[in-house]
Amino acid sequence: MLTREENELLCRTGPGTPMGTLMRRYWIPVLFSHQLPEPDCPPIRTTILSERLVAFRDTDGQVGLLAEHCPHRGASLFFGRNEEEGLRCVYHGWKYDVTGQCVDMPSEPPESTFKDRIRAVAYPCVERGGVVWAYLGQPELQPALPEWEWTVVPDSHIFATRRWQESNWLQAVEGGIDPSHVAFLHRGNTTALQRGQDSGPSPLVYARQAPMSTPYGFIMGNAGGIRGVASPSHFMMPFYKIIRRLRHDDPIGAHAWVPIDDENCMLYSWEWHPERPLTDEEIEPCKTWGSIHAETFPGSDRTVLNQGNDYLIDRELQRSGQTYTGIKGVGMQDTAMQESMGPIQDRTQEHLASGDIAIVSLRQHLLRALKDVGNGGDPPGLDPACHRERAATFIHGGV
Amino acid sequence: MLTREENELLCRTGPGTPMGTLMRRYWIPVLFSHQLPEPDCPPIRTTILSERLVAFRDTDGQVGLLAEHCPHRGASLFFGRNEEEGLRCVYHGWKYDVTGQCVDMPSEPPESTFKDRIRAVAYPCVERGGVVWAYLGQPELQPALPEWEWTVVPDSHIFATRRWQESNWLQAVEGGIDPSHVAFLHRGNTTALQRGQDSGPSPLVYARQAPMSTPYGFIMGNAGGIRGVASPSHFMMPFYKIIRRLRHDDPIGAHAWVPIDDENCMLYSWEWHPERPLTDEEIEPCKTWGSIHAETFPGSDRTVLNQGNDYLIDRELQRSGQTYTGIKGVGMQDTAMQESMGPIQDRTQEHLASGDIAIVSLRQHLLRALKDVGNGGDPPGLDPACHRERAATFIHGGV
Amino acid sequence: MLTREENELLCRTGPGTPMGTLMRRYWIPVLFSHQLPEPDCPPIRTTILSERLVAFRDTDGQVGLLAEHCPHRGASLFFGRNEEEGLRCVYHGWKYDVTGQCVDMPSEPPESTFKDRIRAVAYPCVERGGVVWAYLGQPELQPALPEWEWTVVPDSHIFATRRWQESNWLQAVEGGIDPSHVAFLHRGNTTALQRGQDSGPSPLVYARQAPMSTPYGFIMGNAGGIRGVASPSHFMMPFYKIIRRLRHDDPIGAHAWVPIDDENCMLYSWEWHPERPLTDEEIEPCKTWGSIHAETFPGSDRTVLNQGNDYLIDRELQRSGQTYTGIKGVGMQDTAMQESMGPIQDRTQEHLASGDIAIVSLRQHLLRALKDVGNGGDPPGLDPACHRERAATFIHGGV
């Protein structure tokens, strides 16, 4: 249970908020590279940490990320012409390069130097592993580039999707790192999960073990003395989960819950194999609800099952016990629960149990990081060595 | 005309408001019994007095009414499994019986007694006359069960519907008890109303007679000295109207306007005959707009005619004078007027006339009841003897 | 750039606001006369300066404009019966004439004089040039009737439309009087515009000339020393633009951006020829996107291209350079830009350039007028001589 103040502190990530400031210390996934398929292609609107932005790929192939509204008189750069090394506002032709610098101002006399003094808000972007990453924080604090394992494997080794979730980011992460729900919410769902339940110890045993702190977050359960554990899951600052691997040669899964605004987040989901291409048998469930992904409308991040249609819950299926929920797919089951808490969960009303020790740990880690950053320090997990560490730990924990 | 403060005081019924506290002294209609057709059937979401709730029928057939969000971490119990004497949250399997007691907590170790300390907010429910009634107030103040006539007649004697109205409850009740609008708004509508207008005195005569206070509310008009009056209408605390009977053997009608939240209410409408089954001639207009009911979309409480489509007003029909409004059905005519005032009528701008004496009386009764309850007293109409009294008065007033 | 306070001051026009008070000094377009096609036809809902109103045409053909809610108990007069010299609320039959006087109160006893004391809020209306004009200000300050040129030419000489824009009125007017955007936003659009660009000086030259103040507003650019200028554009208080004529015999265009509420405005667009009927060649582009008008859904003020569908921007067309934006039609290009700034542009973030001198001038004129009115003076442009002045200036400026 949190006080109202603590809940606000942890949930709100807009400009100027403490958690917003913390999040702005990290490189953040903004979109997939394939959403900007070629130089000078149409720009894309996106909202990150409550900031309305426009992303574009310039003539050289570099990605730019600008505040949506033109510095001139506020027209949206989304409607802009993406041409010749810059995004040009169609209102008066002002043009910005990926650094935000105004490089052309044809509405002013040729001799004017006014354009040199005009900069759009722009955030540095890099592309790694098929993802455009942006840094929205103070330039002098920019950290080293992300080196997550899923950003370095070849395309053949990975499957990635994203989808819009209508909830605050924190209840999504809490749902993600929650070990005990798997035994209930997802019961009856997939062969893989079934196998895990059959062969390993119950996730409920994990759930009550104190997480083990790491330089980047923590490991769910300390796994001490549990026979047959394939690997534990990881929480990695500020909003990642690496999913525990049920069998040694299984693909590895990961999620990121990126705040769109305080009542919405974008869930990125990856499955990859560090050493080999994914097989057809591994990819097939990714595309057909058998895994952590979910179906979205074509060309959209919105899920076909959603809050507006009660996730098409099938009460007969639920009653039959074939699945616990009657909701299709592990991914949408998670989303259904997390969205059903309301846009921002009221944590003054909750009652945590011993199986929620990971949730408690998450909040403690976040509150501590907020305090550190407030005191002028660095938050954990900035060093990309942490990202590499993850993979090592994972493999180490194998059977 | 009311002050802004008085208007707020009368209209708002959420937890902790004076009117909300007053309403919570009564048994309140929550849904029809047939909406929970059998033991362990799917639960239903409902909002009453601005509280989000989930209703379910357990294995024994008992109805439970719980706060929507699971006490654990806030997932919606609407998605719950209704099984073996309780509603089980699908997130972690916590299960609640109809009293709100947590009776199973499979995510905790078997020896844990934590579940004994966990209770969902639960309200006692009873079923009477095809309606689930709930008591949302303090347990020690729970009144005797409702004994309205429409709760005790056999199924064959009664016809009941409900529909969602997009307005505050008070302007709906004020519309319901308003005698003078019948002569205008509903002109040209039904044979029954026509008959009433033809044979009895004008409702306008009633409208200017001071209502007669009763132990449960008041009677519209004192009916003194009016020849041929079949029966007067009744207002009964806190939101009921018993409709005056135009001829001695007609069915009797009643409405309840139950606050959903401050800008919406659920209108329950009943027609019944105390002594005999309804005839086909009496039921037919109930189903075809000839009466106080209205058409809703299948499986929904939303009306086919509604604010969004201007109630499909037919201006030619209105102009022709066949009906006064061009809006189909007595029920929707009332709703159209009441919704058209805005979500909460601004009573600082109104101008009441001598025909509004019942409206004035209603507000006085409500304000007095608020004062009594605020002083630690009981509001009127708690004693079910009042419910029986109504019928007696009614028959007594017959020709 | 404005302070937040100045921005609020200029943008908000509801009752009691300074700009609302200023606007209420003028006759304001409310709807087209043809929207009330005949005596006693159905009334129309409309919102002007954040006031919800109902317009109707009485038996004599006079137009009335009443506050939407009946003074009695607040039902909407939109559902009223328009009959026998007045609009009758269908709730209790109270009837109001075009002056707002209650002229019948059939729910009260015949001898009652209560009706004499009841008045609906009513605003005087006149019809000129196919437009219903209303005066929403203090009666003692009512100015002379409008004499705009487009109100006095025969029907054959004029083409008029209106459409709903989802933005504050001020950013719409600023877009309207902005000379420099034409060379970019509308590039490639119409033969007429092309001709203008080919034959005259660039609008960019205008854009940097200080506007010339007039008794009614100002002229964009002082046109001094520019060879080949057909005519300059005019801003006329409080929200009009007369579009510069590219060739001497072209039709003249004008816009009015009438505040609906603070986040929406109604754009009226007129094209007329002062001396002769419009030709088919002139009317055709008005109907097919070739001009300042835009397509609306049948029977609606809502545009087919709109914010919800990104104005159906065609990125291939934009890329090809055939049009600058890929958005169809000069009118929708303007609307797209103005709406894309957000419901109310945040002018604390803008950066004005030398080409924005007309924008600066507009704000200075408005702020000065606000100050004058605040000091008990009159705003500019009340005298209809100003309206006639416009046409004279225009013709005078011809080649």
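To find a chain, count down the sequence lines: A is the first, B the second, and so on, and within it residues start at 1.
- Looking at A:I313, only its side chain comes within 4.5 Å of chain B, counting heavy atoms on both sides.
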For a quick check, list the donor-acceptor atom pairs closer than 3.5 Å between chain B and chain A, or say none.
unit_1, atom_1, unit_2, atom_2, d
B:D40, O, A:R319, NH2, 3.3
B:R45, NH1, A:D310, OD1, 3.3
B:R45, NH2, A:D310, OD1, 2.8
B:R45, NH2, A:D310, OD2, 2.7
B:H69, ND1, A:S340, O, 3.4
B:P71, O, A:H351, N, 2.8
B:P71, O, A:H351, ND1, 3.0
B:H72, O, A:H351, N, 2.8
B:H72, NE2, A:D356, OD1, 3.2
B:H72, NE2, A:D356, OD2, 2.6
B:R73, O, A:Q345, NE2, 2.8
B:R73, NH1, A:D356, OD1, 2.9
B:S76, N, A:S340, OG, 2.7
B:F78, O, A:R315, NH1, 3.4
B:F78, O, A:R315, NH2, 2.5
B:F79, O, A:Q318, NE2, 2.9
B:G80, O, A:R315, NH1, 3.2
B:G80, O, A:Q318, NE2, 3.4
B:R81, NH1, A:Q318, O, 2.9
B:R81, NH1, A:Y324, O, 2.6
B:R81, NH2, A:Q318, O, 3.1
B:V90, O, A:L185, N, 3.4
B:H92, NE2, A:D178, OD2, 2.4
B:S107, O, A:R208, NH1, 2.9
B:E108, OE1, A:S354, N, 3.1
B:E108, OE1, A:S354, OG, 2.4
B:E108, OE2, A:S354, N, 3.3
B:E108, OE2, A:S354, OG, 3.0
B:E108, OE2, A:G355, N, 2.9

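- For the options B:C89, B:C70, B:P43, heavy-atom pairs under 4.5 Å to chain A are most numerous at B:P43.
- Scanning residues 120-142 of chain B against chain A with a 4.5 Å non-hydrogen threshold yields no residues.
- Only the side chain of B:F114 comes within contact range of chain A, with at least one heavy atom under 4.5 Å from a heavy atom of that chain.
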